[in-house]
Number of protein chains: 2
Amino acid sequence: MADSARRTGRPRSAAADRAILDATRSALVELGWGGLTMGDVALRAGVAKTTLYRRWANKSEMVVDAVAVLFDELELPDLGSLRADVESVVLAFAALLERPEAKTALMAVVAEATRDDALRARIRAAIVERQKHLVVEGRRRAQARGELPPDPPGPEGAAAADRAADLIFDVIAGAVVHRSLVSAESVTPVWARALTALLLHGLPSAAGPAGPAPGGSGGPVDA
Amino acid sequence: MADSARRTGRPRSAAADRAILDATRSALVELGWGGLTMGDVALRAGVAKTTLYRRWANKSEMVVDAVAVLFDELELPDLGSLRADVESVVLAFAALLERPEAKTALMAVVAEATRDDALRARIRAAIVERQKHLVVEGRRRAQARGELPPDPPGPEGAAAADRAADLIFDVIAGAVVHRSLVSAESVTPVWARALTALLLHGLPSAAGPAGPAPGGSGGPVDA
DNA sequence: GCGTTTCGATACGCCCCGTAGCGTAACTCA
DNA sequence: TGAGTTACGCTACGGGGCGTATCGAAACGC
């Protein structure tokens, strides 16, 4: 719709787009969300402030677009087991949240979005829904390996699979975000392993942080 | 230390404290984090703006104190099973996050805290550590019921128990926050039940959202 | 070329932040 | 009771950001 809407007149400068988003990210790194100002971003990008407002309604929308691309770096290499796949995506997501531009911006735009429907929709489209394929793909692989039961057939089964993927996504992403930003403790490989064990085997098996306790009761297969 | 420091002079008005924090919460409800201003809070509280700055260094620190008391309402009634306990605390926490003053403020102060060590410490002390007892208590009850294995003895066992409690806290709180604020979908009893099932039995058993699919393969005990 | 749209530049009104200065109020201690 | 100390209300202020308006120039399609 954006294509057919404006076929006439001077086209938007793609170079300006890139320069603005780059400037936004570097401003986030140096100043954080609170210190970032539209005037400063325009200055860094070598662009007039009006050019920013021609593209985005406000600071939040612009920052969402600037940060969203960072999440596209997330990948899901097939490591041969559900355990390894989960552990690796947890660590990759945590590394992403360590980056100052992501860390300071993500929570801020989510906070703004609690009172801004358009912004909430933009976050969902640009970040949340976009990364959900990681869970879908990981689930599919695990089912192919026999590590997870197959989805029930029919439309109800597909809906149930969707709900399961949504749940897993919220649990994994939420746990990492909460650990990293709210509890403010670092996500170590040991922690990632413990989280993975909890997800795979459930609470009763989550005694030790890595591997079941010696002589423990419920230590299932792990390798 | 705050007591012995200032024993002389006019004491701080406790009434002003309450009026300010009440005004802060009501301003959050009506205006949200972004719309809340120090001048407006002072006006609502019937207090001079300088009185606010005499107590808190900035907006974020004040809001943390204003919101922290909301979390003290969380309780953990003994419902007789780990499943019921988890489900109830999930729903209670979600209901808390539904309240506009909590919803808009929590993410905002966490975002600010990514670049403010003092604020991060205040959040941990006033909110995170304060609510962790819910997990510790729930775990203790479940162990007494035999639903969870007991902690290994000795200081290593206690440390492992602490790590387990931290992990569970991050997983539960993180999942609810992510579902409610990032994914922006409501936390229903059905979802709470599915999350609880995932926590209790692990991913392989998380086929259906509530109850195993008819003729499903891995439906463990539930009642 | 003509209409349309973008761009840079500048200026502006509005509002908020956080602090300073002052006289007054409340409390402790001698 | 009076002196010392701290909190309070009030007002005013400098600094800075937001988002908009306006203008002439530039870059496109037709």
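In what follows, every chain begins at residue 1, and chains take the letters A, B, ... in the order their sequences are listed. Since the model is a prediction, treat every value here as computed from it, not as a measurement.
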**Asked** Quick one: A:Asp40 CG to D:dC18 C1', roughly how many Å, whole number?
**Response** 14 Å
**Request:** Return the orientation label for the A:Phe71 and A:Phe93 ring planes: parallel under 30°, perpendicular over 60°, tilted otherwise.
**Result:** tilted
**Asked** In whole angstrom, what separates A:Leu43's CG from D:dC18's P?
**Response** 13 Å
**Whole angstrom value for the distance that separates C1' of C:dA9 from OH of A:Tyr53** = 16 Å
**Item:** Proximity to the side chain of A:Arg54 - top-ranked nucleotide from C:dC7, C:dC17, D:dA27
**Value:** C:dC7
**Message:** Could you tell me if the side chain of A:Leu106 sits less than 4.5 Å from the side chain of A:Ile127, heavy atoms only?
**Reply:** yes
**Complete:** Against the side chain of A:Arg10, the closest entry in D:dC8, C:dT6, D:dG19 is C:dT6
**Request:** Identify whether NZ of Lys or CZ of Arg in B:Lys59 sits under 6.0 Å from the centre of the six-membered ring of B:Trp33 and within 45° of that ring's axis.
**Result:** yes
**Prompt:** Taking CH2 from A:Trp33 and C1' from D:dG17, how many angstroms apart are they, rounded to a whole number?
**Reply:** 13 Å
**Prompt:** Roughly how many Å is it from CE in A:Met38 to C1' in D:dG19, rounded to a whole number?
**Reply:** 9 Å
**Prompt:** Any idea which of D:dC8, C:dA26, D:dA27 is nearest the A:Pro11 side chain?
**Reply:** D:dA27
**Request:** May I ask you to verify if any side-chain N or O of A:Thr8 is less than 4.0 angstrom from the OP1 or OP2 atom of D:dC30?
**Result:** no
**Asked** In whole Å, what is the span from the CG atom of B:Leu52 to the C1' atom of D:dC8?
**Response** 12 Å
**Request:** Tell me, yes or no, whether the heavy-atom count around A:Glu156 atom CD, taken from other residues, nucleotides or ligands under 6.0 Å, exceeds 12.
**Result:** no
**Prompt:** 5'-most contact on DNA chain C: B:Asn58 or A:Ala14, nearest heavy atom basis?
**Reply:** A:Ala14
**Minimal non-hydrogen separation, A:Leu96 against A:Ala102, with atom names** = O-CB, 3.5 Å
**Item:** Rounded distance in Å - CH2 (B:Trp56) to P (C:dT19)
**Value:** 15 Å
**Asked** The side chain of A:Lys59 lies closest to which of these nucleotides: D:dC8, D:dC18, C:dC16?
**Response** D:dC18
**Side chain of B:Ala48 (C-beta onward), nearest among D:dC8, D:dG9, C:dT6** = D:dG9
**Message:** Between the base of C:dG18 and the side chain of B:Lys49, is there a donor and acceptor pair under 3.5 angstrom?
**Reply:** yes
**Prompt:** Contact class for B:Thr50 (heavy atom, under 4.0 Å): base, sugar-phosphate, or nothing?
**Reply:** base
**Prompt:** Mapping B:Gly9 and B:Gly35 to their closest nucleotides on DNA chain C, which lands nearer the 5' end?
**Reply:** B:Gly35
**Rounded interatomic separation in angstrom, taking CG from B:Leu36 and C1' from C:dC17** = 13 Å
